[in-house]
Amino acid sequence: MGLLLKKGGNASSNTPAELNDSGDGRRNNATAMRRDYSGGLIVVSGISSLFGSKGGNFRSQFRLLCIASNSFTTTHTFSPLLRQCIDERWFPGIKTIQAQMLKSGFPIQLSGSKLVDAGLKCGEIGYARKVFDEMRERHIVTWNSLIAYFIKHRRSKEAVEVYRLMITSNVSPDEYTLSSVFKAFSDLGLEKEAQRSHGLAVVLGLEVSNVFVGSALVDMYVKFGKTREAKLVLDRVEEKDVVLITALVVGYSQKGEDAEAVKAFRSMLVEGVQPNEYTYASVLISCGNLKDISYGKLIHGLMIKSGFDSALGSQTSLLTMYLRCCLVDDSLCIFKCIEYPNEVTWTSLVSGLVLNGREEMALTEFRKMMCDSVKPNSFTLSSALRGCSNLAMFEEGRQIHGIVLKYGLDRDKYAGSGLIDLYGKCGCSDMARSVFDTLSEVDVISLNTMIYSYAQNGFGHEALELFERMMNLGLQANDVTVLSVLLACNNSGLVDEGCEFFESFRKGKVVLTNDHYACMVDMLGRAGRLDEAEMLINEVVNPDLVLWRTLLSACKIHRNVEMAERLKRKILEIAPGDEGTLILMSNLYASTGKWNRVIEMKSDMRGMKLKKSPAMSWVEVDRETHTFMAGDLFSHPNSEQILETLEELIKKAKDLGYAEDKSCVFQDMEESAKERSLHQHSEKLAIAFAVWRNVGGSIRILKNLRVCVDCHSWIKIVSRVIKREIICRDSKRFHHFRDGSCSCRDYW
DNA sequence: GTAGGGTTAG
């Protein structure tokens with residue numbers, strides 16, 4: 001095309017600067033123009049023949065036309081040119097035409113609609129808006145196009161502004177306007193204004209007659225959380241289609257009304273509307289939530305039959321469904337069949353595996369994803385982090401923290417909460433706090449996570465301070481907040497404060513569950529206020545096993561055999577042969593020296609084929625997790641070194657005043673055997689291993705049961721012997737052992 | 001000429 005211009009010689013001085021665009025015309029030539037349009041064609045073909053060009057692309061023709069700009073005399077001349085420029089998304093050409101129009105004295109209104117359309121299609125919103133504002137009168141399509149552009153680009157505020165301008169300009173919205181503007185209302189939470197516009201849709205009869213308007217309304221009410229309203233709208237729409245019904249299925253599914261989602265899906269089949277991949281994607285999630293694997297499989301079948309099983313979105317939902325139904329193997333089968341999993345698919349896999357307690361596998365898959373160069377998002381990272389925090393994999397978690405930083409997601413609330421959770425569950429409240437302090441947005445969830453981290457680590461005052469901040473920010477506490485606050489009081493021995501909070505929570509908006517009561521029962525029980533704790537349970541409408549068992553374990557702590565036996569009868573009525581209860585009773589009898597009763601309990605348990613789950617501890621060394629079981633002295637390849645180190649540690653501890661606490665042995669045996677059994681507790685083995693391997697920094701132990709009194713006092717002294725912090729996460733809370741004392745202040 | 005629905009999370 002440059003050649004042609006050169007041929008034109010001095011004519012290039014007539015060419016506006018914009019024409020120096022080097023973009024290629026994608027299609028079209030003079031012939032096509034001749035066929036399509038009538039106005040400019042004479043001029044174009046005239047010039048073509050003048051230069052003897054055989055076709056050539058549109059842009060070169062256009063340049064020639066501009067050279068002969070005196071031919072721009074009527075709107076007919078440039079109208080087809082403009083259309084061509086729009087088709088080609090060629091913005092410089094559009095601006096040239098506008099300039100020519102102005103030069104020829106045409107008012108902009110004449111082609112305003114087209115120019116706005118052109119600006120929007122070329123993504124030149126500033127230009128489009130300027131032309132729009134200069135127009136005295138606008139066609140409804142122009143209004144709609146501008147609104148639609150803003151919606152499409154998630155600029156809801158501007159969309160609503162234009163819509164309001166439309167109303168104040170006395171232009172009546174039509175089905176196109178309404179079907180897009182509702183999305184902006186839900187996005188901005190403008191419920192009142194949305195209702196007014198809904199009213200307008202009703203008056204115009206569009207709610208019933210136009211399925212686009214109906215779907216937009218359904219979607220909007222769903223996003224406002226008003227599924228009931230959404231359903232009412234749907235019922236009124238005359239001709240229901242797949243999008244309309246899917247919008248409702250999605251709505252129910254996202255609001256956790258899973259049974260309703262499945263019901264809406266069924267109604268779709270009954271009405272003979274064919275579901276598509278969007279529908280399947282949502283209804284499968286609800287099946288997963290309901291753990292309704294039979295209906296899930298039925299839908300899987302339907303998908304295969306209708307060929308929608310190959311779309312990535314629906315495959316991801318299938319994967320999620322199988323994982324939520326705990327069918328790990330089936331889900332792995334699905335995953336294997338997916339050719340190009342995207343980050344959502346991978347995230348679904350990682351989070352689902354964590355959900356099923358398959359953390360190791362989850363992290364392996366996460367690493368595979370990284371090897372495949374699929375970029376993780378904040379969802380992926382928070383799932384992987386949860387895997388680490390479940391197993392207290394500190395080093396692994398720190399590696400993922402590195403990835404979080406690499407992708408600049410450290411200020412993101414999802415990834416951030418994952419990190420807070422990780423550090424909290426690894427006993428590093430200060431690291432959790434520094435992550436929390438860098439978050440760009442503090443919300444209820446990140447606050448809850450931080451409060452919970454403090455709570456489980458026994459930093460009650462810090463937790464309560466944050467709770468106060470939450471209140472000052474005007475954020476609404478939820479059930480997790482309440483639990484975290486109560487736990488904070490519980491783990492820090494702040495019993496009076498805990499009771500006060502509980503009273504105020506009772507009057508608050510959050511519906512208290514058995515978990516909240518269990519926390520209070522534990523708090524009162526451990527403080528020895530057993531009667532108060534029992535009274536509290538009696539206030540609960542449906543007291544469950546956990547509540548009674550919590551009180552029973554308080555009886556064990558305070559060796560209240562009489563109350564314990566009464567509770568035991570009560571519990572065994574609700575749950576005959578409850579394992580936890582029998583173990584607690586057996587331990588209580590043991591600690592009070594009632595060995596005959598212990599033997600009775602043990603034979604009861606044997607009769608019911610119940611076995612105590614073994615005490616286990618884990619410790620991570622060089623990113624490898626080592627498992628230790630109480631009494632198992634030989635499985636570990638380094639048993640010899642471990643026992644040697646352990647012996648040394650026990651000796652040094654004894655020098656500093658450690659003595660075995662034999663009340664922790666729940667078996668009737670010789671005194672020396674009791675001592676031996678204490679020495680073989682899993683946390684002692686794990687610590688000895690970590691000491692032998694000379695772990696740098698703090699030693700972190702994870703334990704499946706509660707730390708016993710003997711181990712607790714031993715670890716305290718060992719922390720002084722080795723001059724190292726030992727952090728132990730047991731089944732209930734954290735213990736930070738440092739220089740001879742523990743963060744729990746011996747209250748746990 | 002302009003319009004409506006999804007899958008991963010603490």
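Numbered from 1 within each chain, the chains take letters A, B, ... in sequence-line order.
- For N342(A) and dT8(B), the CG to P distance is 12 Å, given to the nearest whole Å.
- For N276(A) and dG6(B), a side-chain-to-base donor-acceptor distance below 3.5 Å is absent, hydrogens and geometry of angles not being considered.
- The CG atom of N356(A) sits 15 Å away from the P atom of dT8(B) (whole-angstrom rounding).
- Note: CG (L244(A)) to P (dG6(B)) measures 13 Å, nearest angstrom.
- Across all strands shown, S145(A) has heavy atoms under 4.0 Å from sugar-phosphate atoms exclusively, and none from any base.
- Within the 4.0 angstrom heavy-atom criterion, base atoms lie near V141(A).
- Using a 4.0 Å heavy-atom cutoff across all strands shown, Q315(A) reaches no nucleic acid atom at all.
- Base engagement by D443(A) is indicated by at least one non-hydrogen atom pair under 4.0 Å involving a base atom.
- The nearest whole Å value for the distance from the CG atom in D117(A) to the C1' atom in dG1(B) is 6 Å.
- The nearest whole Å value for the distance from the CZ atom in R324(A) to the P atom in dT8(B) is 6 Å.
- Whole-Å rounding puts the D187(A) CG to dG4(B) P distance at 13 Å.
- Put simply, CZ on R89(A) is 11 Å from C1' on dG1(B), counting in whole angstrom units.
- Note that R129(A) lies outside the cation-pi zone of Y149(A), set by a 6.0 Å cut-off to the ring centre and a 45° limit from the axis.
- No contact: V213(A) has no heavy atom under 4.0 Å from any strand.
- A distance cut-off of 5.5 Å between ring centres, combined with a plane angle under 30°, leaves Y278(A) outside any stacking arrangement with the base of dG6(B).
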